[in-house]
Amino acid sequence: MAVYVVVDIDVHDPDRYEAYKRLAAPTVEGHGGKYLVRGGAVEILEGEWQPKRFVVLEFPTVDHATEWWSSEDYAPAKKIRHETANTNMILVQGV
């Protein structure tokens, strides 16, 4: 069953965050994932949630997603993300 990593990112250092984007993409693909949404325009339909930069990743299984998130190859990119942005990230199973 496919799983999704849903991310709301508030970037506070956009110049350095570009390095994160370059490093992260190959690690997602290397763990069987793909980007479904990557920073497109967000339109609020209901509620007060105001996501800044919205990203949705799809992985084939929970194991693929959690292995990516905790992998050594993603660690350098994750470090840059932690230094350049505040992030809310969840993993949700599909139907």
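Model, not experiment: these values are computed from the prediction. FYI, the numbering just counts along the sequence from 1.
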Problem - Donor-acceptor contact present, side-chain Asp8 to main-chain Met89, <3.5 Å - result: no

Handout entry: Side-chain (Arg81) to main-chain (Val11) donor-acceptor, under 3.5 angstrom
Key = no

What's the separation between atom [atom1] in [X] and atom [atom2] in [Y], rounded to the nearest 0.5 Å?
X     : Y     : atom1 : atom2 : result
His31 : Asp63 : NE2   : CG    : 12.5 Å
Asp10 : Arg53 : CG    : CZ    : 12.0 Å
Thr84 : Glu18 : OG1   : CD    : 10.0 Å
Tyr17 : Ile80 : OH    : CD1   : 11.0 Å
Glu67 : Asp73 : CD    : CG    : 11.0 Å

Hydrophobic clusters here meaning ILVMFWY residues chained together by side-chain heavy-atom distances under 4.5 Å, can you tell me if [X] and [Y] are in one?
X     : Y     : answer
Leu91 : Trp69 : yes
Leu23 : Val28 : yes
Val5  : Val42 : no
Val6  : Ile44 : yes
Leu57 : Ile90 : no

Less than 4.5 Å apart, side chain to side chain, heavy atoms only: is that true for [X] and [Y]?
X     : Y     : result
Phe59 : Thr66 : no
Tyr35 : Val56 : no
Val92 : Val3  : no
Ile9  : Asn86 : no
Val62 : Gln93 : yes

Problem - Trp49/Phe54 aromatic ring centres below 6.0 Å - result: yes

Exercise for the section: List the atom of Glu58, the atom of Ala2, and the distance in Å for their closest heavy-atom pair. Expected result: OE2-CB, 4.0 Å

Problem - Shortest non-hydrogen separation from Pro60 to Gly32 and the atoms involved - result: CD-O, 3.2 Å

Problem - Parallel, tilted or perpendicular: rings of Tyr20 and Tyr74 (30°, 60°) - result: perpendicular

Exercise for the section: Give a yes or no on whether Lys78 atom NZ has more than 12 heavy-atom contacts from other residues, nucleotides or ligands under 6.0 Å away. Expected result: yes

Problem - Check ion pair Lys34-Glu29 (N to O, under 4.0 angstrom) - result: no

